[in-house]
Amino acid sequence: MIADCYRREALINQALPPEVPAPRLQWIEEQDEWVVLGFDAVDGGHMPAEPWQSNDLNATLDAYATAAEALAVASPQLLELGLKPIDAEGDFTDWRDLQAGRTRPELLPAWMPLGLTPQLAELEGQWQMATAGTAVLHHDLRQDNVLIDTHGGAWICDWNWPCIGAGWFDLVLLLATAFADGHDATTLFAAHPTALGVDDEQLDAALAALSGFFLVSGAQPPADWSPHLRQHQTWCGEATLRWLSDRRGWSF
């Protein structure tokens with residue numbers, strides 16, 4: 001139920017450490033089946049420009065570095081809200097299902113290089129170990145969940161789906177969108193404080209897992225609650241797969 005998501009967001013927001021650059025909840029109003037949350041106004045707040053501009057992207061990466069430092073270990077207040085490990089809802093098995101014949105290849109976009117399936121399935125199998133950790137993740141860090149203020153600072157919004165895992169995992173989808181816009185995502189990832197000590201196989205395992213999930217999800221029937229969801233998922237699948245392919249020297 002969507003209203004429950006907003007109620008949960010209100011609880012999560014109030015439990016975030018004060019160092020996290022997120023607009024803070026000021027009030028919540030419930031009437032009938034409606035739930036309305038009121039947050040601090042971000043001075044001059046606007047979404048980052050599309051495509052990603054370097055100043056907005058760097059501000060977002062800086063904001064996430066600050067958030068990640070404050071959330072490196074879950075506080076008792078956040079743990080009391082029942083945050084779960086990143087793999088608690090199940091495994092990413094989409095490439096392995098394709099390899100085993102449990103998923104029909106016809107579901108995937110025509111441009112998908114099926115010859116890469118064995119390599120993708122092998123990488124995907126490493127994702128749980130690669131992304132395990134103790135940090136609190138935003139788990140939905142993307143362009144439309146960020147606001148840029150008058151001074152060029154970034155604020156991270158919509159803390160609906162936090163979980164526990166490796167602090168760098170939030171960067172993967174964020175930087176995949178930056179890669180799609182022409183930025184050097186691999187260099188930006190390596191320079192980020194959360195990526196210290198992360199090896200190539202860990203990042204590639206996460207990219208493989210996300211690319212399979214998004215491409216298979218994008219092939220599902222349209223979602224009544226979000227008419228453009230499947231298109232968005234397919235785009236994310238292509239962005240993550242193309243970044244991974246660039247890193248591995250694959251071509252398609």
Side-chain angles (χ1 to χ4, degrees), residues 48-54 56-58 60-61 64 86-87 91-131 140-144 165-166 168-192 194-220 228-252:
E50 294 186 25
W52 273 111
Q53 302 300 303
S54 293
D56 289 349
L57 179 58
N58 289 334
T60 301
L61 291 170
Y64 184 67
I86 192 171
D87 62 351
D91 196 358
F92 285 124
T93 63
D94 299 284
W95 294 122
R96 284 171 284 173
D97 288 344
L98 186 68
Q99 176 76 355
R102 292 186 292 269
T103 296
R104 294 184 293 106
E106 296 82 10
L107 282 176
L108 298 177
W111 53 259
M112 172 61 210
L114 295 176
L116 294 177
T117 302
Q119 298 98 307
L120 289 164
E122 182 179 358
L123 279 171
E124 179 189 67
Q126 303 170 32
W127 85 271
Q128 287 175 305
M129 184 176 295
T131 63
D140 199 20
L141 185 60
R142 60 190 197 198
Q143 210 160 4
D144 58 342
W168 56 268
F169 186 73
D170 270 332
L171 295 183
V172 181
L173 182 57
L174 177 73
L175 287 176
T177 67
F179 177 83
D181 288 341
H183 295 270
D184 186 346
T186 294
T187 297
L188 290 168
F189 179 86
H192 200 268
T194 60
L196 182 66
V198 178
D199 63 38
D200 289 343
E201 290 294 302
Q202 287 177 276
L203 174 55
D204 289 354
L207 284 167
L210 286 174
S211 64
F213 167 76
F214 280 123
L215 288 173
V216 172
S217 296
Q220 303 309 305
H228 301 294
L229 175 63
R230 302 309 182 199
Q231 180 182 3
H232 173 71
Q233 289 173 326
T234 299
W235 186 89
C236 290
E238 182 173 0
T240 48
L241 182 57
R242 289 194 181 277
W243 182 17
L244 175 60
S245 298
D246 180 76
R247 290 174 46 77
R248 306 290 287 198
W250 299 336
S251 60
F252 63 93

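What you see is a predicted model, and the numbers here were worked out from it, not measured in a lab.
Rounded to the nearest 0.5 Å, atoms CG (L175) and CG (D181) are 11.5 Å apart. If you take CG on D94 and CD on E124, they are separated by 6.0 Å, rounding to the nearest 0.5 Å. With rounding to the nearest 0.5 Å, the separation of CG in L171 from CG in L141 is 7.0 Å. A distance of 5.5 Å separates CH2 in W250 from CG in L116, rounded to the nearest 0.5 Å. A distance of 5.5 Å separates CG of L241 from CH2 of W111, quoted to the nearest 0.5 Å. For the atom pair CH2 of W127 and CG of D204, the computed distance is 16.0 Å after rounding to the nearest 0.5 Å.
By the 6.0 Å contact criterion, CD on Q220 is enclosed, its count of non-hydrogen atoms from other residues, nucleotides or ligands being greater than 12.
Under 3.5 Å, the side chains of N58 and S54 contain no donor-acceptor pair of N or O atoms. Judged by distance alone, the side chains of R230 and Q233 do bring a donor and an acceptor atom under 3.5 Å apart.
Here the side chains of T177 and W235 are in contact, with some heavy-atom distance below 4.5 Å. Using a 4.5 Å cut-off on side-chain heavy atoms (C-beta onward), D91 and R96 make contact. Within the 4.5 Å cutoff, the side chain of L108 has heavy atoms near those of the L114 side chain. Side-chain atoms of C236 and L210, non-hydrogen and from C-beta on, never get closer than 4.5 Å to each other. At a threshold of 4.5 Å between non-hydrogen side-chain atoms, the residues T60 and W52 count as touching. Residues Q53 and P48 are not in side-chain contact: their nearest non-hydrogen atoms beyond the backbone lie 4.5 Å or more apart. Counting heavy atoms from C-beta outward, L215 and L107 have side chains that stay 4.5 Å or more apart. Side-chain atoms of L120 and L244, non-hydrogen and from C-beta on, do get closer than 4.5 Å to each other.
Scanning both residues, Q128 and D87, for their nearest heavy atoms gives NE2-OD2, 3.3 Å. Considering all non-hydrogen atoms of both residues, A180 and A239 come closest at CB-CB, 4.3 Å. Nearest heavy atoms, W168 versus A130: CZ2-O, 3.2 Å.
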### Task
Verify side-chain contact (heavy atoms from CB on, under 4.5 Å) between T194 and D170, making sure each step is shown before the conclusion.
CA-CA 10 Å; T194 60; D170 270 332; over 6 Å; no
### Query
Please walk me through it: do L207 and V172 pass side-chain contact (heavy atoms from CB on, under 4.5 Å)?
CA-CA 7 Å; L207 284 167; V172 181; 3.5 Å; yes
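Aromatic ring pairs are classed by plane angle as parallel below 30°, tilted from 30° to 60° and perpendicular above 60°; the pair F189 and W243 is perpendicular.
The salt bridge (Lys or Arg N to Asp or Glu O under 4.0 Å) pairs that include a residue from residues 232-245 are E238-R242, where partners are two or more places apart or lie in different chains. For residues 194-215, the pairs satisfying ring-ring contact (aromatic ring centres under 6.0 Å, His included) are F92-F213, with sequence neighbours left out.
The pair R248-E201 meets the salt-bridge criterion, with a side-chain N (NZ, NE, NH1 or NH2) lying under 4.0 Å from an Asp/Glu carboxylate O.
At least one donor-acceptor pair closer than 3.5 Å links the side chain of D56 to the backbone N or O of A49.
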